[in-house]
2 protein chains.
Amino acid sequence: MTDQRPTLADVARAAGVSRAAASRAINGAYGTSEAVRQRVRAVAAELGYEPHAVAQALATGRPSAGRRERVEVLIVDPDPAALSVKPFYGRALTGAMRALGDRDIALEVRRVSTLPAQDDDPPYGRLLINVAGAAGAAYARRGRVVALGRSAPGVAFVAPDNDGGGHQAAVHLVKTGRKRVGAVFGPPTPCAQERRDGFLRVFAGAAQPVTAADGDFTYARAYAAARELLAREPGLDAVFAACDVTAMGVLRALRETGRRVADDVAVVGFDGSTLAEAADLTSVYMPVEDEAAAAVQHLLDPALPAPARLPTTLTVRGSS
Amino acid sequence: MTDQRPTLADVARAAGVSRAAASRAINGAYGTSEAVRQRVRAVAAELGYEPHAVAQALATGRPSAGRRERVEVLIVDPDPAALSVKPFYGRALTGAMRALGDRDIALEVRRVSTLPAQDDDPPYGRLLINVAGAAGAAYARRGRVVALGRSAPGVAFVAPDNDGGGHQAAVHLVKTGRKRVGAVFGPPTPCAQERRDGFLRVFAGAAQPVTAADGDFTYARAYAAARELLAREPGLDAVFAACDVTAMGVLRALRETGRRVADDVAVVGFDGSTLAEAADLTSVYMPVEDEAAAAVQHLLDPALPAPARLPTTLTVRGSS
DNA sequence: CTGAAAGCGCTTACAG
DNA sequence: CTGAAAGCGCTTACAG
């Protein structure tokens, strides 16, 4: 195996010129006779010559030719099918792409479980999704970082007004006359707890306390939790779900126990994803695309005002 | 600004050794006295020396240090929010990630409209989604490529058995006694046409021909098409939708015209996405994750049997 | 317009 | 164990 890829020297030799001339001819620089240029190019094409990007980079000092910057989207989620099942991630990617706009920056998606080993080739910046405290801080130490949802203290983040959203959902249920309210909350993450706090605040000191169960944002757990809730409190006339996927589980539990959605039991979700629209589910809409776009924007231009809380809005549909 | 990043030569000079010795000391190669190694390393640390990856790559001939391979997922879709709205893409990403497994290969997502300019830094391979003939062939010329759904002739692809799926949907409607069948088909893409052909074959020569309208896989167009269909043929008792998003539009048209889903009009979608589950929609399930995984698998190991058609299965839910 | 030469920053046989 | 030297493949002043 001696036939390596041809080098500039090969081309120059075959064309009967110096390497310098060959280089100029190929790069279309000034000061090359038409004749030489043509000959060199013809030879190069024939030999299948491709400039060696690494060598070019070294010689010019320019960042490795063609090497594109990249932004990493890091997703922490135990479910390998997370991107299939949770519209949230697709929405975040949409927002990230929007922020990237026309810039020639690659968007890399990574689902991670543990903190990856030190990266030899760190990205321009990272968008952290569901990356909890310790890991978030570790990434921040390694480079530019913005989180979607609160991460470690000191790590810039953008998040929906979860507390406000929870509040909106509760107010809606109260206003529409629901009396016996249940809830399937989320896991012990900041975002889920904020929703819970906002929701429960409305019922503080109410005659009927909220019947609550803990979910983990998955369909399966939500279904089980809802069944449990209904067994514990059969007279429930409303259920708040910590996210839309959770709400799907609740809807199934309702269907299976012969309850009519809305008529018997109102359901309110959280996310405002396409899922909510498909299921005709009342849901607290959070602008995930905008959040992600703002986050990536901040990555690209840290001088911009630090990201913040984005307001949620309640979208009332047939389920309440 | 003369203080560039320090080079190996700087380190060597400061440590009072040759560059060769410095190199060995830093790379932990054999044949370096403990004393020298320690001194060099100390100096390197102090100077903040970082080896120049490009130079290393050139010198060793090894692929640029730390440079990770990458697979590009190229999505052609006019909608900037495509990843938000269509679960298909998230599912494809899930499958692609699954195929990548533990390998240290980056997954890059790109939504493109036109054929990007020649890439200086081509990826290991590309997964083409919705990339039509000409562009597909162009990418194939540039490097390793597999398409999700048929692209240009000669371009390897993996796709669901669309024809068979259309057939399954039609048979289901006939078997459940639907007589006046409508359909909102897709755009003039191979995949949409295969679904249509498979569906229509069942009704060839039927007493009541299928009342059809053309959609484009979007919610808005599907809604409009369904309204038109219902105006043209008010007695419709079933509608086949070319994809789940299309079905969502149909469902809305049904709701708005006061028709009950299933009781008055059966609806069958195509995709089997989370949307179908959320909307309690009967749908032809296609294993997008498996398709994408098979495609990326083939990218990684072209020796594997060429990808093929994957079977679809009908999931009956409340809408039919 | 063209070629000889130096150089990008690092590595690696080869002597010593 | 250590250093002088050549080389990775290309570019770019500098003469001519």
Side-chain angles (χ1 to χ4, degrees), chain A residues 1-67 120-121, chain B residues 1-67 118 120-122:
Chain A
M1 298 273 73
T2 7
D3 55 341
Q4 305 284 359
R5 72 200 298 217
T7 76
L8 223 212
D10 296 329
V11 174
R13 196 176 317 120
V17 298
S18 71
R19 302 188 315 164
S23 175
R24 290 187 209 106
I26 285 176
N27 295 313
Y30 286 94
T32 324
S33 67
E34 229 0 70
V36 168
R37 177 173 325 176
Q38 303 227 341
R39 187 145 37 92
V40 169
R41 293 202 168 174
V43 171
E46 188 181 342
L47 262 50
Y49 169 74
E50 286 286 349
H52 192 325
V54 169
Q56 279 186 139
L58 183 58
T60 59
R62 268 181 261 119
S64 186
R67 180 55 159 292
D120 299 309
D121 174 29
Chain B
M1 297 273 75
T2 7
D3 55 341
Q4 306 283 0
R5 73 202 296 219
T7 75
L8 221 213
D10 296 328
V11 174
R13 195 177 316 121
V17 298
S18 70
R19 302 188 315 165
S23 175
R24 290 187 209 105
I26 285 176
N27 295 312
Y30 285 94
T32 323
S33 67
E34 227 0 70
V36 169
R37 175 173 326 179
Q38 304 227 342
R39 187 145 37 92
V40 169
R41 293 201 168 174
V43 172
E46 188 182 342
L47 262 48
Y49 169 76
E50 285 286 351
H52 192 320
V54 170
Q56 279 187 137
L58 184 58
T60 58
R62 267 180 262 120
S64 187
R67 180 58 157 291
Q118 177 73 48
D120 299 309
D121 175 29

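Note that the coordinates shown come from a computational prediction; the quantities given were computed from them, not determined experimentally. Numbers restart at 1 for each chain; the letters A, B, ... are given by sequence-line order, proteins then strands.
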### Query
Closer than 4.0 Å, any side-chain N/O of B/Ser23 to the OP1 or OP2 of C/dC10?
no

### Gap separating the OG1 atom of A/Thr32 from the CD1 atom of A/Ile26, nearest 0.5 angstrom
10.5 Å

### Message
My understanding is that only residues two or more places apart in sequence, or in another chain, count here; which of them pass side-chain contact (heavy atoms from CB on, under 4.5 Å) with A/Ala9?
### Response
A/Thr7, A/Arg13, A/Arg19

### Query
Partners of A/Ala15 by side-chain contact (heavy atoms from CB on, under 4.5 Å), sequence neighbours excluded?
A/Val17, A/Arg39, A/Val40, A/Val43

### Message
Suppose we screen for side-chain hydrogen bond (donor to acceptor under 3.5 Å, both in side chains). Which residues come up paired with A/Glu46, at least two apart in sequence or across chains?
### Response
none

#### Entry: Any residue meeting side-chain contact (heavy atoms from CB on, under 4.5 Å) with B/Ala20, in chain and number order, not counting sequence neighbours
B/Ser18, B/Arg24

### Query
What closest approach, in Å, do B/Ser23 and B/Leu8 show between heavy atoms, and which atom pair accounts for it?
CB-CD1, 3.8 Å

### Query
Does a nitrogen or oxygen in the side chain of A/Gln56 sit under 4.0 Å from OP1 or OP2 of D/dG9?
no

#### Entry: B/Glu50: partners by salt bridge (Lys or Arg N to Asp or Glu O under 4.0 Å), with sequence neighbours left out
none

Distances for protein N or O near nucleotides 4-8 of chain C N or O, under 3.5 Å:
residue, atom, partner, partner atom, Å
C/dC8, O2, A/Leu58, O, 3.3
C/dC8, O2, A/Ala59, N, 3.1

## Note on the structure
Taking C/dT11, D/dC10, D/dC1 as options, the one with an atom nearest any side-chain atom of B/Leu8 is C/dT11

### Task
Measure the distance from CG on A/Asp10 to P on D/dG9 and round it to the nearest whole Å.
9 Å

### Task
Grab the CD1-P distance between B/Ile26 and C/dG9 for me, whole Å please.
15 Å

### Task
Can you run through DNA chain D from 5' to 3' and write each base as (, ), [, ], | or . depending on how it pairs? Watson-Crick or G-U wobble, both distances under 3.5 Å.
|||.||||||||.|||

### Message
Taking only the C1' atom of each, what is the distance from D/dG16 to D/dT12 in whole angstrom?
### Response
16 Å

### Query
Do the side-chain N or O atoms of A/Ser33 get closer than 4.0 angstrom to the phosphate oxygens (OP1, OP2) of C/dT2?
yes

